[in-house]
Amino acid sequence: MGRLARRLTGRRGDDFTDETEMTELFELNAEQELAAKYNQGHVLVLAGAGTGKTRTIIARAAYLIRQGVDPNRILLLTFTRRAAREMTERLVKIVGRDRVSLMAGTFHHFCLYTMRRMPGRFGLEKTTVIDRDDQIQLMKLIRAEFRQKGEQFPQASELVRLCSYARNTTQPVPEYLSRYTDYESEMADRICEVAVAFDRRKRKNGYLDYDDILHVFAKRLHEDPSTRDQVRVLYDHVLVDEMQDTNPLQWLILDGLRDPAQLFCVGDDAQSIYAFRGADFRNVHSFTDRIPDAVTLRLEQNYRSTQGILDLSNWLLRESPIGYNKILRAHRRAVSKPRLFNFDSDFDEARWIVDDLIERHETGAPWQDHTIITRTGFGARAVESFMVEKKIPYRFIGGVSLLQAAHVKDLLCLIRASANQHDELAWVRYLTMWPGIGDVTAARLIRTMRNQTHMDDAVNALKEELKGRRGIIKGIYLVQEYWDDPAETIRQAGRFLESLLEKRYTNWKVRKKDLDLLTRLAGRHRSLMAFIETYTLDPISTTESERLEEEDLVTLTTAHSAKGTESTVCYLIRVEPGMYPHIRSLGVQDQEEEERRTLYVAMTRARDELIITRTHRPYGPVQMHYSATGTHSAGETVYFLQTLPEKLIDTDFVDPDSTGFDDYDPITPWRRGGDGISF
DNA sequence: GAAGCGTTATACTAT
DNA sequence: ATAACGCTTC
């Protein structure tokens, strides 16, 4: 293993068995090199956890660039924007900044970016990208129109979920409902009507939700040959990370891009954890069916973890009724058996972890070597509370987004309303902030703007209706005045709304700091709508945004957001019945299996040390589902560590009184960034 | 009829 | 912390 590779990965590289196995050019082993340089058409690389998946993709990009391929003609599709950033940075270190001009981002970013560059072809003038919350808000309006008095009707969030899932699996809603859900045909018909109304309403308001971004792009790509030709000639190589978590809609996009472009897709069926978004891990297996001349290559040597960590991970997969046919072999000599700690409560668990972190830090380990992995954001609240109390610097990836805070939304809705008279949700929110204006009046006011094509006419029409309430319009004019200076607009809008917000929120002083933060973030963007769009597509948590400049942090992350990352020391918390598998998945075998893979992903993040902690209290009202032995009544195991062999792990019980902490002050996820943050 | 206040339930993963 | 809901007030 050469110096370059060591520098690139930050790996210590002190215990590898064979230093000469890596080849000179990209520090790859033979399997990786074969994949990176493959040039005979489309490829699927099946790569187990820690086998150098990311490294191989980067090596391929570097190889192509060195071969003379124009970087602009390489498209790199990743699962998160964070992954795209990290991969781009690593590539820069190999080929130099001036040569890294390739397009790297998520499917959503790529599709939106491309559509924005050819607005005429996709009809996207003046559209606003909306997040899950806005989808649900809009659906509530539609649901209210369809639901009869006192009638049982699915919640708005459920309706959104149904529409979203159908779209991501490229099924018409009626077909999806009849095949995969239990709704009576009468109810199914009405849900279909709701779905149609939902789409119509989105179009009317100029909204694009996450699913529309992919759908509109894929549809045009397949239905309009001239658009397809125009897009398809842009790239020679499409590199796809985390292929196992792409859904049928994303496959349509890849299918539309290929030929002459070559696909290079990397994935691991055992790490597929996004079925709820329409992904199906079996899809990686059908790759060669869909593209008959494609080949499948494999990476099997694990460079990340110790054998002890892999033994436990391998055991977990072997216990599955599904044959994953996968055994990870460690390349490293170190063994380091995982450790399991049992606690009475999540308080005890949290303070032990925080205590352990402090001890490690005092003996020289940087904070950044440590990652705490949680199944749910809620499940991490005790840990987060103690980290705040003990002033441990941390970021929570997958935590509550800054843009979801009510006061931030208030401000952004003023911005959105100022840009688009048809942005119904933004207008409702802005107008109802004012005393005397509720839902009904807001809806009436919005109706007066409905037929106006131009923003100025719309505002004038509104002005007529609002005689004597000039303040409301003043906010709109203020935003429009500073429009070209995003940071200044946010600052001015914040100042303008202050008197309203002060009355509405009891802890305004703390919330006000978030608006300062928002102003700083906006300063990094050229336009306001681009700023909002960026953070809608790439939700940034409050802890992340507060700590943009800091490097040495403990990472707290959900297992889902941990995918694709690694850490020297990993704490897996609340690994108890009800959490793995999560209570909501019980009884549905596919979902329980996905939970197994989620735990597998979490375990295989660890390089040197894997510390598993749990409490004796099952999570949630899980007791009802379990007998004393942790099984369903039918007898199958519903807690993954129930049959854990002793030899795979060192087990400890920690006495609750062994550490000296103050009383527990539970922090709820939504209080984050409230009165709790104090470093 | 609409606004606004107080009470209550809420709890999985995410582009 | 927030939203939904029911109830009171204008």
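In what follows, every chain begins at residue 1, and chains take the letters A, B, ... in the order their sequences are listed.
- The CD atom of A:Glu576 sits 14 Å away from the C1' atom of B:dA11 (whole-angstrom rounding).
- Within the nucleic acid shown, A:Ile213 has no heavy atom closer than 4.0 Å to any nucleic acid atom.
- As a whole-Å value, the separation of A:Arg444 CZ from B:dA2 P is 10 Å.
- The side-chain hydrogen bond (donor to acceptor under 3.5 Å, both in side chains) contacts involving residues 246-256 of chain A comprise A:Asn168-A:Asn247, A:Asp255-A:Arg258, where partners must be two or more places apart or lie in separate chains.
- Rounded to an integer number of Å, the gap from A:Ile437 CD1 to B:dA2 C1' is 12 Å.
- Using a 4.0 Å cut-off between charged nitrogen and carboxylate oxygen, A:Lys53 and A:Glu242 count as a salt-bridge pair.
- Between the A:Arg596 side chain and the A:Leu316 main chain, a donor and an acceptor come within less than 3.5 Å of each other.
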Show each protein N/O and nucleotides 6-10 of chain C N/O combination with a separation under 3.5 Å, one pair to a line.
none

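- Counting to the nearest Å, the C1' atom of B:dG4 and the NZ atom of A:Lys503 are 14 Å from each other.
- Relative orientation of the A:Tyr505 and A:His407 rings is perpendicular, given thresholds of 30° and 60° on the angle between their planes.
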Just the table, please: protein N/O against nucleotides 12-15 of chain B N/O, every pair under 3.5 Å.
| from | atom 1 | to | atom 2 | distance (Å) |
| --- | --- | --- | --- | --- |
| B:dC12 | OP1 | A:Arg584 | NH1 | 2.3 |
| B:dC12 | O2 | A:Arg375 | NH2 | 2.7 |
| B:dT13 | OP1 | A:Gly377 | N | 2.9 |
| B:dT13 | O4' | A:Arg375 | NH1 | 3.2 |
| B:dT13 | O2 | A:His560 | NE2 | 3.4 |
| B:dA14 | OP1 | A:Thr558 | OG1 | 2.9 |
| B:dA14 | OP1 | A:Ser561 | OG | 2.9 |
| B:dA14 | N6 | A:Arg132 | NH1 | 3.4 |
| B:dA14 | N1 | A:Arg132 | NH1 | 3.2 |
| B:dT15 | O4' | A:Arg277 | NH1 | 3.2 |
| B:dT15 | O3' | A:Thr106 | OG1 | 3.3 |
| B:dT15 | O2 | A:His108 | NE2 | 2.9 |

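- Closest to the side chain of A:Asn507, out of B:dG4, B:dA3, C:dA1, is C:dA1.
- Residue A:Ala406 is classed as a sugar-phosphate contact, given heavy-atom separations below 4.0 Å to backbone atoms only.
- Under the 30°/60° scheme for interplanar angles, the aromatic rings of A:Phe217 and A:Phe122 are found to lie parallel.
- Formation of a donor-acceptor pair under 3.5 Å by the A:Tyr274 side chain with backbone atoms of A:Gln244 is not found in this model.
- No more than 12 heavy atoms of other residues, nucleotides or ligands shown are found within 6.0 angstrom of OH on A:Tyr113.
- When A:Arg201, A:Arg416, A:Lys409 are each tested for a salt bridge (Lys or Arg N to Asp or Glu O under 4.0 Å) with A:Asp134, only one passes: A:Arg416.
- Atom-to-atom, NZ of A:Lys409 to C1' of C:dA1 comes out at 12 Å; the value is rounded to the nearest Å.
- Screening A:Thr128, A:Asp209, A:Asp211 for a side chain to side chain contact (heavy atoms under 4.5 Å, CB included) involving A:Lys202 leaves a single residue, A:Asp209.
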